[in-house]
Amino acid sequence: GTVNDILKVENLEVVYNDVVLVLKGLSLACPRGEITALLGANGAGKSTTLKAISGLLECEDGEVTDGSVLYQGEPIQHLIPEKIVRKGIFQVMEGRRIFEDLTVEENLRCGAFTRPRSEIAGGLEKVYDYFPRLRERRKQLAGYMSGGEQQMCAIGRAIMARPQLLLLDEPSLGLAPLLVEEIFEIIKKINSAEGVTVLLVEQNARAALSVAGQAYIMENGRVVMEGKAADLLHNPDVQEFYLGMG
Ligand code: ATP
């Protein structure tokens with residue numbers, strides 16, 4: 001890690017319901033302006049890590065019991081989620097948690113709740129430029145959109161918040177291969193155009209490593225491997241266990 005890390009997680013320990021120890025001393029860093037991938041099998045603790053950063057852990061009876069989350073050098077592990085959003089961290093939850101009974105555009109507007117009203121029209125235009133399909137369907141109820149369109153809506157809502165750090169939990173989950181490619185291309189585009197730092201949790205290691213600059217691999221609540229994404233793509237162990245090339 002360097003001073004150029006916008007986020008530093010140090011020796012983080014997380015417990016659910018006062019008993020279940022899920023993160024067991026997790027450390028990672030996100031260099032400013034880059035995409036960092038967090039990979040690992042089901043249950044390794046990836047989603048828990050994102051929730052510990054965004055503060056959403058407290059909604060699930062989870063608690064940080066040791067270690068720290070430093071955002072721009074400041075400890076934030078004991079702040080409430082709203083404070084963390086206002087500092088510029090926005091999480092897109094796994095499974096497209098959008099408001100099904102609101103239109104696409106109403107969903108997008110919700111993302112801007114911390115922004116001045118004067119920014120909303122420009123923000124919507126930007127999101128519709130990234131996702132032309134959302135422009136076509138802006139008056140439609142979000143619940144009637146396809147899975148891929150709902151994922152676009154969830155990411156678009158995050159863009160409306162103009163975060164400095166975007167936490168993405170499994171954006172490819174349940175999407176057809178072509179759509180996965182499209183979503184990852186857009187994530188890359190958003191990262192370079194907006195300068196937003198991205199921490200990307202994924203089961204689809206190949207797709208994640210192809211857009212990320214660096215990556216961490218988690219097992220059982222700890223980081224077991226880290227490095228440049230390009231190096232990990234060519235690492236025999238990674239190929240065998242995470243890329244299905246064994
Ligand atoms: P997945 O890809 O399956 O979501 P993950 O790596 O994101 O996996 P987590 O969702 O962080 O893993 O879960 C890590 C562990 O924490 C699992 O054993 C899970 O059962 C447990 N866990 C997650 N949420 C809770 C909760 N609210 N209460 C109790 N245990 C939980």
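As the structure lists them, so they are numbered: ligands from 1, and atoms in each ligand from 1.
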Practice problem: Pull out every atom of ligand 1 sitting under 4.0 Å from any heavy atom of Glu94, numbered as shown with elements. | Solution: 4 (O)
Quiz item: Relative to ligand 1, is Val22 under 4.0 angstrom through side chain, backbone, both or neither, heavy atoms considered?
Solution: side chain
Exercise. Note the single closest protein heavy atom to atom 27 (N) of ligand 1, along with its residue, its atom name and the distance in Å.
Key: Glu60 OE1, 3.2 Å
Quiz item: More than 12 heavy atoms of other residues, nucleotides or ligands under 6.0 Å from OH of Tyr144: is that the case?
Solution: no
Quiz item: Are the side chain of Asp169 and the backbone N or O of Val92 linked by a donor-acceptor pair below 3.5 Å?
Solution: no
Quiz item: At a 4.0 Å cut-off, with the gap strictly under it, does some heavy atom of Lys51 reach an atom of ligand 1?
Solution: no
Quiz item: Do you see a donor-acceptor pair shorter than 3.5 Å between the side chains of Gln77 and Ser68?
Solution: no
Quiz item: With atoms numbered from 1 as shown, which atoms in ligand 1 lie under 4.0 angstrom from a non-hydrogen atom of Ser47?
Solution: 4 (O), 5 (P), 7 (O), 10 (O), 11 (O)
Self-check item: Per-residue contact class, Asn17 against ligand 1 - non-hydrogen pairs under 4.0 Å
Solution: side chain
Quiz item: Which heavy atom of the protein is the closest neighbour of atom 11 (O) of ligand 1, given with residue, atom name and distance?
Solution: Thr48 OG1, 2.5 Å
Quiz item: Is there a donor-acceptor contact under 3.5 Å from the side chain of Glu202 to the main chain of Leu39?
Solution: no
Exercise. Go through ligand 1 atom by atom and flag the ones less than 4.0 Å from a non-hydrogen atom of Glu170.
Key: 2 (O)
Quiz item: What's the shortest distance from atom 30 (N) of ligand 1 to any protein heavy atom, and which residue and atom give it?
Solution: Tyr16 CD1, 3.4 Å
Quiz item: Do any heavy atoms of Gly40 fall under 4.0 Å from ligand 1?
Solution: no
Quiz item: Given that the side chain starts at C-beta and the backbone is N, CA, C, O, which of these parts of Gln203 lies under 4.0 Å from ligand 1, counting heavy atoms, or is it both or neither?
Solution: side chain
Practice problem: Could you see which bit of Met218 sits under 4.0 Å from ligand 1, with heavy atoms only: side chain, backbone, both or neither? | Solution: neither
Quiz item: So which protein heavy atom does atom 8 (O) of ligand 1 come closest to, and at what separation?
Solution: Gly43 N, 2.8 Å
Quiz item: Will you find, in the side chains of Arg32 and Gln72, an N or O donor that is under 3.5 Å from an N or O acceptor?
Solution: yes
Exercise. Write out the residue and atom name of the closest protein heavy atom to atom 3 (O) of ligand 1, then the distance separating them to 0.1 Å.
Key: Asn42 OD1, 2.9 Å
Practice problem: Is it possible for you to check whether Arg157 lies under 6.0 Å from the centre of the six-membered ring of Phe99, through NZ or CZ, and within 45° of that ring's axis? | Solution: yes
Practice problem: Report the distance from atom CD1 of Ile120 to atom CG of Leu108, rounding to the nearest 0.5 Å. | Solution: 10.5 Å
Quiz item: Do you see a donor-acceptor pair shorter than 3.5 Å between the side chains of Ser27 and Tyr216?
Solution: no
Quiz item: Right, does atom 20 (O) of ligand 1 have protein non-hydrogen atoms nearer than 4.0 Å?
Solution: no
Exercise. Indicate yes or no: at least one non-hydrogen side-chain atom of Tyr71 is less than 4.5 angstrom from one of Gln164.
Key: yes
Quiz item: Distance below 4.0 Å between atom 14 (C) of ligand 1 and any protein heavy atom?
Solution: yes
Practice problem: Considering only non-hydrogen protein atoms, determine which one is nearest to atom 12 (O) of ligand 1 and report residue, atom name and distance to 0.1 Å. | Solution: Gly45 N, 3.2 Å
Quiz prompt | Criterion salt bridge (charged side-chain N to carboxylate O under 4.0 Å, His left out) on Arg135 and Asp129, from CA distance to verdict | solution = CA-CA 8 Å; Arg135 189 197 304 274; Asp129 286 345; 2.8 Å; yes
Quiz item: Is Gln214 reaching over with its side chain to a backbone N or O of Thr36, donor-acceptor style, under 3.5 angstrom?
Solution: no
Quiz item: Counting only N and O atoms by type, is there a donor-acceptor contact under 3.5 Å from the side chain of Asn235 to the main-chain atoms of Val238?
Solution: yes
Quiz item: Which heavy atom of the protein is the closest neighbour of atom 5 (P) of ligand 1, given with residue, atom name and distance?
Solution: Lys46 N, 3.4 Å
Quiz item: For ligand 1, which atoms, with element, lie under 4.0 Å from some heavy atom of Ala41?
Solution: 6 (O)
